[in-house]
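Have a look at the structure below, then the notes.
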Amino acid sequence: MRTITTLGDQTNKVTDTATIFKFCLWDNGVPQDVMGKTVTATIANSTGYLFDEPLIKNGTEVDLDFSSDSLKQLVPDTYSFEINVTNANGDVEVYPTEGNLQFTVTKNLRGTQGNLVPQVTFDSVLKSVDDKIAEYEATIAKGDKGDKGEPGSDGKDGKDGYSSDKYVNVAYFGVTGKPEDDNTAEIITGITQTAIANKILWFPAGTYNLSQTIEFVDNMHIEADADAIFLNKQGSYTFKARNGRGYGTGGRNIIIDGGTWYGENDFSAPHGITLMHIENADFKNMVFDHALTTGHIFDVMGCRYVNFENNKFIGIKTVDNRYFTEAIELDESTKMGASGAYSDITYDGLATKHVQIINNHVLPVLNDNDELVYYAPSLVGNHFQVEGENIEDVLIKNNELVDVNPFMTQDDYTTGGGIHIRNTNNVRIISNHFKQLHNGVWGSIAINVGIGDQYVAKSDVALASPTYQNGATADVFDISIYDNTFEGFVANENTTHDGWGIVRISGSQKYAAAIRNVVFNNNKFLNCIDPAHRDDDVDVGINALSVNCVDIISIDSNNFYDVVGILDIESATGVTFNNNSGKYINKHIIKSHNVSGTMANNAIDKTHGAITSTGAGTLVFANNAITNFSQTNPSINDYILSIGDEANYILQGNVLDVAAGEQLETALLVSETTKHVIISNNQYHGTNTWSENVVGNGNIDLSI
């Protein structure tokens with residue numbers, strides 16, 4: 001994958017010849033030294049190709065110098081470009097691999113014709129007005145004083161008139177904004193004409209009935225006031241892309257900003273926006289209220305460079321056998337995903353790439369007493385994958401998820417969650433707040449990242465009901481989850497499975513497909529045990545984190561407070577569980593099986609939970625402090641640390657401390673089948689012995 005990094009601004013004024021744009025070229029993450037090679041920029045505007053411009057080479061930096069004769073001639077406009085590097089053997093590398101970059105040339109003052117005018121002061125303006133009034137009063141007879149007129153509306157960027165250089169009021173096209181009127185045809189005309197004119201179509205406060213699906217056009221830009229209410233008066237999509245194959249063929253450069261998209265109190269008029277092959281689109285400041293049932297608000301299929309920012313999704317009305325629905329669905333281009341919205345020739349299986357989901361809110365519907373009426377939808381998800389395709393580059397940041405609909409049966413756990421995505425590379429889930437006030441019968445989970453065990457063959461993407469192929473398509477790479485807060489994920493006696501987690505990261509053990517390079521750092525878990533069950537010997541709730549079939553994972557500097565268990569991990573290599581803190585752990589701190597890695601410098605206080613480790617692998621436990629361990633409920637754990645079953649362990653510098661006034665028979669339990677254990681410099685407080693099974697183990701260093 002070849003990419004370009006810009007090293008400064010990308011805007012210049014006409015005739016400014018001192019400006020130099022600087023870039024760095026990358027090939028698969030490695031900066032490229034282009035000295036000794038021919039480097040040119042291919043430059044185009046909306047009409048097409050213009051010319052090639054040689055670039056200046058400075059090692060790994062290339063410069064576009066506006067002192068050149070060709071660049072001096074550019075008129076005010078937005079220009080696209082890509083960079084070509086010709087090697088000594090004649091091979092040409094084109095940067096970037098996907099899409100292109102842009103720069104802008106703006107007007108200078110000579111671009112506007114002016115007139116010489118005298119200096120104007122406030123006093124001179126008043127005198128001019130007084131003189132003009134006196135002149136009229138001398139020539140016009142006065143009549144009776146008329147009634148006071150209605151106040152005029154305040155201007156807003158030229159919007160309140162019909163048209164300006166920037167905005168066109170939708171009323172210009174005959175749209176009334178009255179609830180009794182249907183002006184869908186006029187709205188479509190307005191969208192088309194303002195897109196051609198490169199203007200913004202503005203919807204003031206009012207009610208807008210949409211009686212047919214509106215098809216996206218290139219360069220459409222809608223802005224709507226918060227009190228502009230849109231009602232879907234039909235049984236189909238609110239917006240859809242046009243037919244086409246390949247990125248951008250469904251529509252380019254689309255913006256919808258604002259408006260309240262209302263689905264009636266009974267959810268009888270939901271909104272659905274299907275995006276197929278859309279490129280460069282922004283959806284922001286939109287409120288979807290009672291607008292979501294069994295579909296999705298946004299179906300994003302085979303698209304790239306799509307942004308969702310500061311939207312609200314309020315309420316979900318579930319139906320039998322469908323407990324969850326996503327506000328934003330990320331998928332490949334398939335007929336199954338699009339519910340047959342397009343002709344069969346449209347579907348090509350392309351995966352969605354480069355998506356940003358920032359500052360959005362999924363919220364429940366509450367009554368006047370703040371009681372739950374409807375749960376919130378999931379924020380983002382996807383469910384199936386296409387042979388050879390992976391969704392890529394998804395940023396989910398600063399979102400609020402409150403009372404996402406819980407899963408309804410035990411089997412739903414693998415697909416549920418406020419964020420649930422499969423087969424997606426380079427996912428960053430950052431600084432989100434997950435808060436659950438109502439958890440349901442089976443409980444709720446926040447994040448579910450996985451690899452599916454089935455896929456759709458590329459040849460079947462145009463089938464409405466394709467036959468799933470068994471197997472995993474590929475490994476998944478680069479998952480980062482950090483600086484998030486998880487609050488109130490309290491379950492009940494139905495939610496007792498060790499392998500369940502508030503956050504679940506799971507590859508496909510069945511088909512040996514792993515999730516590789518995972519970062520889970522600086523997250524906080526709060527109040528995820530019902531205080532009434534804090535000291536129970538019943539396993540009530542789920543773990544903070546569940547990990548399965550992962551290669552290289554960092555779990556660092558997290559705070560686990562009031563959770564049933566911290567970590568349940570299986571079939572994982574390259575694990576570092578370091579610098580974490582926890583308090584009030586009910587069930588276990590760590591439960592691991594077939595795990596290799598390091599668990600060091602963790603501090604766990606006031607816990608009933610222990611560390612248990614089984615299976616093959618090599619684990620290092622170093623400098624951990626487990627303090628105020630309480631054996632109030634012996635049926636949970638009668639040891640602090642248990643190891644065994646053919647593993648290799650190094651235990652060094654740990655503190656295992658029993659709560660004041662209590663005595664524990666065994667601090668450390670070592671299985672007779674354990675292969676190799678080195679134990680040194682550990683401290684045990686309040687225990688009678690450090691192991692039940694020392695004699696006969698062999699290969700045990702007793703240098704305590």
Side-chain angles (χ1 to χ4, degrees), residues 10 42-50 75-82 96 98-105 163-170 172-173 175 184-203 210 212-224 230 236-259 271-286 298-309 333 338 341-343 345-348 350 352-356:
Q10 290 177 259
T42 298
I43 297 175
N45 63 8
S46 59
T47 65
Y49 166 77
L50 297 177
V75 298
D77 200 353
T78 297
Y79 296 87
S80 301
F81 71 95
E82 57 191 21
E98 296 183 348
N100 50 63
L101 272 70
Q102 293 183 331
F103 66 85
T104 301
V105 176
S163 182
S164 70
D165 289 341
K166 185 176 182 181
Y167 292 94
V168 179
N169 190 320
V170 72
Y172 179 85
F173 300 99
V175 179
T184 309
E186 291 82 359
I187 290 173
I188 293 173
T189 299
I191 289 172
T192 303
Q193 293 191 12
T194 52
I196 293 171
N198 198 26
K199 292 189 176 184
I200 300 169
L201 183 63
W202 173 58
F203 289 80
L210 305 177
Q212 57 181 296
T213 297
I214 298 174
E215 190 171 274
F216 290 118
V217 298
D218 291 350
N219 305 311
M220 66 175 281
H221 188 164
I222 289 174
E223 286 191 16
F230 295 87
S236 189
Y237 300 99
T238 307
F239 291 93
K240 64 173 284 189
R242 62 178 181 265
N243 277 297
R245 289 171 64 88
Y247 293 119
T249 59
R252 285 188 172 94
N253 307 324
I254 294 162
I255 299 175
I256 300 180
D257 183 348
H271 287 276
I273 300 174
T274 178
L275 310 177
M276 178 82 75
H277 298 139
I278 295 291
E279 186 173 54
N280 297 328
D282 289 284
F283 301 94
K284 54 189 178 181
N285 304 312
M286 304 173 75
F298 291 99
D299 273 309
V300 189
M301 295 164 288
C303 302
R304 63 183 179 185
Y305 304 111
V306 183
N307 301 319
F308 302 93
E309 186 169 358
S333 167
Y342 304 95
S343 66
I345 63 170
T346 294
Y347 308 108
D348 54 14
L350 281 181
T352 291
K353 300 182 179 183
H354 314 303
V355 177
Q356 294 190 359

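Just so it is clear, the values below take in all heavy atoms, side chains as well, and ignore hydrogens, waters and symmetry mates. The structure displayed is predicted, hence computed values, not measured ones.
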### Summary
Exactly one of L101, N45, T104, N100 clears side-chain contact (heavy atoms from CB on, under 4.5 Å) with Y79, and that residue is N45

### Task
Run the numbers on I214 and K240 for side-chain contact (heavy atoms from CB on, under 4.5 Å), then give the verdict.
CA-CA 6 Å; I214 298 174; K240 64 173 284 189; over 6 Å; no

### Message
Please evaluate residues F203 and I222 with respect to the criterion side-chain contact (heavy atoms from CB on, under 4.5 Å), reporting the C-alpha separation (whole Å), side-chain torsions for both, the decisive distance (0.1 Å), and the verdict.
### Response
CA-CA 8 Å; F203 289 80; I222 289 174; 3.7 Å; yes

Once rounded to the nearest 0.5 Å, what's the spacing between atom [atom1] of [X] and atom [atom2] of [Y]?
| X | Y | atom1 | atom2 | value |
| --- | --- | --- | --- | --- |
| M220 | I200 | CE | CD1 | 12.0 Å |
| F239 | I254 | CZ | CD1 | 10.0 Å |
| I273 | Y237 | CD1 | OH | 12.0 Å |
| T189 | Y172 | OG1 | OH | 12.0 Å |
| T194 | H221 | OG1 | NE2 | 9.5 Å |
| N219 | N253 | CG | CG | 5.0 Å |

### Message
Going by the rule side-chain hydrogen bond (donor to acceptor under 3.5 Å, both in side chains), which residues pair with R245 if we only count those two or more places apart in sequence or in a different chain?
### Response
none

Any side-chain heavy atom of [X] within less than 4.5 Å of one from [Y]?
| X | Y | value |
| --- | --- | --- |
| T346 | H277 | yes |
| F216 | L275 | yes |
| Y347 | M301 | no |
| F308 | V355 | yes |
| F283 | N307 | no |

Contact summary for [X] and [Y], nearest pair of heavy atoms:
| X | Y | result |
| --- | --- | --- |
| I191 | V217 | CG2-CG2, 3.8 Å |
| M276 | A338 | CE-CB, 3.8 Å |
| F298 | M286 | CZ-SD, 4.2 Å |
| Q193 | F173 | OE1-CE2, 3.4 Å |
| Q212 | T184 | CG-CG2, 3.3 Å |
| A241 | I278 | CB-CD1, 3.7 Å |

### Summary
Residue pairs meeting salt bridge (Lys or Arg N to Asp or Glu O under 4.0 Å), one or both in residues 248-258, sequence neighbours left out, come to R252-E279

### Message
Using a 6.0 Å cut-off, check whether atom CG of D77 has over 12 heavy atoms from anything other than its own residue.
### Response
yes

### Test log, rule side-chain contact (heavy atoms from CB on, under 4.5 Å), inputs L210 and I187
CA-CA 9 Å; L210 305 177; I187 290 173; 3.9 Å; yes

### Task
Return the set of residues passing side-chain contact (heavy atoms from CB on, under 4.5 Å) with E98 (not counting sequence neighbours), or none when no residue passes.
M1, R304, Y305, K353, H354

#### Entry: Main-chain N/O of T352 paired with Y247 side-chain donor or acceptor, under 3.5 Å
no

### Task
Decide yes or no on side-chain contact (heavy atoms from CB on, under 4.5 Å) for Y49 and I43, but give the supporting numbers first.
CA-CA 6 Å; Y49 166 77; I43 297 175; over 6 Å; no

### Query
Do the charged groups of D218 and R242 touch, with an N to O distance under 4.0 Å?
yes

